[in-house]
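Step one of this worksheet: look at the structure below.
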Amino acid sequence: MTYEELKAQEELYVMQTYGRFPIALDHGKGSVLWDITGKRYVDLTSGIGVSCLGYDHPVLTQAITEQVQQLMHVSNLFMTAPMVQTAKTLVTATQMGKVFFANSGAESNEGAIKLARKYSFDKYGAGRHKIITLCNSFHGRTITTLKATGQTRFHNHFFPFTEGFDYAIAGDLDDLKSKVDDRTCAIMMELIQGEGGVLPQNPAFVKVVESLCREKDLLLIIDEVQTGIGRTGSLFCFQQYDIQPDIVTMAKGLGGGVPIGAVMASKSCCDVLTAGTHATTFGGSPMVCAAANAVLSIINNTAFLSEVREKGAYLKEKILAFDSPLIEGVRGAGLMLGIIVPAGQHSALASKLIEQGVLVLTAGQNAIRLLPPLTITYEELDEALAIMKPVFCS
């Protein structure tokens, strides 16, 4: 089937909810993808941070294949070893309490919101339910996580939204404190706002937020859907901020390409969600947890995480060395980077890069977002850089 034939059928049968690039991808190897015409692309997107081990990784492929042949899915009314092992690995690596498995980042954030509100209800009764998030944040596309997202452009069309959220300016402690009242139960934040523009939070601000949560008995929720699972050079980004969250959410890279999310709670609140208060049909299935165990067996390693930081520093250094007037800076951590370009030019530049054979993403605040597979080689990075340079320097 040609691209034109496939596109015609996609328009006929698939809801047009995405502004797709004019590419139909066919297969991949390592950090390289090929479309149905045979054109080669160096992938600096990894499916928006999902394919953290790249494509056709032998350990991940073998783990999924073996588990599918043994047991793909059972009800959560029964236990399976892969689910327990994934939870054990996550808890052991973070010194948190327990884990609930979901299917996506939005579902994980929904679970965190429910947990925080029930914690407060159990302890203080009704009325203490407000959750403060940060302006420019992004927490998902369900009705509730859209409302939790601190961008007004998302608060449209789907009325009525779930109430009980307020928004503080990132880095502005006075503004945050002004939003905390006797109805507040939690503060929720991304340590690097990905969709918002690859915007890292100030460490001093984050530490004060943690102290405020302890003082007021508010739960500190850290959304690691995009920053987690090695993306920033540590298993979780919060480990670089010297804080101990009450709740951590994750998804994307956890399964290396299969749909899995998780809510991880500290020992102080990990027993809040009791039997019947939260559930999911597919969460924690043997297949996705086998994939997660394979991913964690590779990424939860000091040497591997050090390489992620080194590759990120290398990529940032080489991009800045382009010395292009179109590059106003590079921000982020590890292999979560944003190239800052003049206002209004990030979409056009992203399209040019993709046309030339480098897949990239865009984000708010005039950023071209880079989320390559964590396993990307220096040879693949150099190939991408060689393609990128003339686009920025022409």
Side-chain angles (χ1 to χ4, degrees), residues 44-50 52 94 105-106 108-109 112 132-140 145 148-151 167-173 176 187-210 220-245 247-254 261-262 264 299 305 308-316 319-320 328-341 346 360-374:
L44 302 187
T45 73
S46 61
I48 315 185
V50 170
C52 57
T94 59
S108 298
N109 286 334
I132 298 171
T133 68
L134 298 183
C135 297
N136 211 48
S137 61
F138 183 84
H139 297 293
T145 56
T149 292
Q151 300 184 57
Y167 316 100
I169 299 170
D172 189 331
L173 188 59
L176 177 67
I187 298 174
M188 182 176 188
M189 67 171 71
E190 305 155 280
L191 295 175
I192 302 178
Q193 293 179 331
E195 301 291 333
V198 195
L199 297 165
Q201 300 297 338
N202 183 292
F205 171 73
V206 174
K207 283 295 290 183
V208 176
V209 172
E210 181 190 36
L220 177 59
I221 306 170
I222 301 297
D223 178 344
E224 296 251 17
V225 169
Q226 193 163 146
T227 56
I229 317 301
R231 175 57 53 187
T232 66
S234 52
L235 187 61
F236 291 99
C237 192
F238 80 80
Q239 294 168 315
Q240 299 180 41
Y241 278 77
D242 188 31
I243 59 171
Q244 191 60 45
I247 304 172
V248 177
T249 61
M250 68 200 80
K252 290 192 181 291
L254 180 58
M264 185 164 56
I299 290 178
L305 293 169
V308 170
R309 296 191 296 273
E310 291 166 3
K311 289 173 185 175
Y314 178 84
L315 185 56
K316 180 178 180 179
I319 291 170
L320 290 173
E328 298 180 350
V330 179
R331 61 187 175 223
L335 287 171
M336 181 178 181
L337 299 176
I339 305 172
I340 314 310
V341 300
H346 59 322
V360 298
L361 301 161
T362 58
Q365 305 293 313
N366 305 308
I368 294 173
R369 186 171 27 150
L370 309 180
L371 300 170
L374 304 182

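Start at 1 with the first residue, then count along the sequence.
Put simply, CG on L335 and CG on L315 are 7.0 Å apart, with the number rounded to the nearest 0.5 Å. Expressed to the nearest 0.5 Å, how far CG of L371 lies from CG of L361 amounts to 5.5 Å. Interatomic distance, I340 CD1 to I368 CD1, rounded to the nearest 0.5 Å: 9.0 Å. Between atom CD1 of residue I221 and atom CG of residue N109 there is a gap of 8.0 Å, rounded to the nearest 0.5 Å.
With sequence neighbours excluded, the residues satisfying side-chain contact (heavy atoms from CB on, under 4.5 Å) with I299 are C52, L53, I229, L235, V295, F304, L305, L374. Take S234 and apply the side-chain hydrogen bond (donor to acceptor under 3.5 Å, both in side chains) test, not counting sequence neighbours, and it matches Q240. The side-chain contact (heavy atoms from CB on, under 4.5 Å) test applied to T94 returns M96, F236, F238, Q239, M264, not counting sequence neighbours. Partners of Y241 according to the ring-ring contact (aromatic ring centres under 6.0 Å, His included) rule, which considers only residues two or more places apart in sequence or in another chain, do not exist here. Residues passing the salt bridge (charged side-chain N to carboxylate O under 4.0 Å, His left out) test with E195 are R369, sequence neighbours excluded.
Summarising the geometry of G338 relative to V198, their closest heavy-atom pair is N-CG1, 3.6 Å, with the distance given to 0.1 Å. Looking at every heavy atom in both residues, G140 comes nearest to A106 through CA-CB, 4.0 Å. The nearest pair of heavy atoms linking A148 to S137 is O-OG, 3.9 Å. When all heavy atoms are compared, the tightest approach of C135 to Y167 is SG-CB, 4.0 Å. Of all non-hydrogen atoms in G105 and A251, the two that sit nearest each other are N-CB, 3.3 Å.
Screening D223, T149, T249, T133 for a side chain to side chain donor-acceptor pair (under 3.5 Å) with H139, the sole residue that qualifies is D223.
Side-chain contact between V206 and M189 is present, with heavy atoms from C-beta onward closer than 4.5 Å. Contact of the L134 side chain with the Q201 side chain is registered, since non-hydrogen atoms from C-beta on lie closer than 4.5 Å. Counting heavy atoms from C-beta on, the side chains of Q365 and L199 come closer than 4.5 Å. Looking only at side-chain heavy atoms (C-beta outward), L176 and I187 come within less than 4.5 Å of each other. Using a 4.5 Å cut-off on side-chain heavy atoms (C-beta onward), L220 and I247 make no contact. Counting heavy atoms from C-beta outward, P373 and S46 have side chains that approach closer than 4.5 Å.
Between the side chain of S108 and the backbone N or O of M250, at least one donor-acceptor pair lies under 3.5 Å. A donor-acceptor pair under 3.5 Å is formed between the side chain of R331 and the backbone N or O of G197. Formation of a donor-acceptor pair under 3.5 Å by the T227 side chain with backbone atoms of I192 is not found in this model. E190 places no side-chain N or O within donor-acceptor distance of the main-chain N or O of E224, the cut-off being under 3.5 Å. Judged purely by atom type and a 3.5 angstrom limit, K252 uses its side chain to pair as donor or acceptor with the backbone of I48. Listed for the R231 side chain is no donor-acceptor partner under 3.5 Å among the backbone atoms of M336.
Each salt bridge (charged side-chain N to carboxylate O under 4.0 Å, His left out) pair with one or both residues in residues 196-210, not counting sequence neighbours, appears once here: K207-E210, K207-D242.
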Using the side-chain contact (heavy atoms from CB on, under 4.5 Å) rule, take Q151 and F138 through it: C-alpha gap first, then chi angles, then the decisive distance, then the call. CA-CA 7 Å; Q151 300 184 57; F138 183 84; 4.2 Å; yes
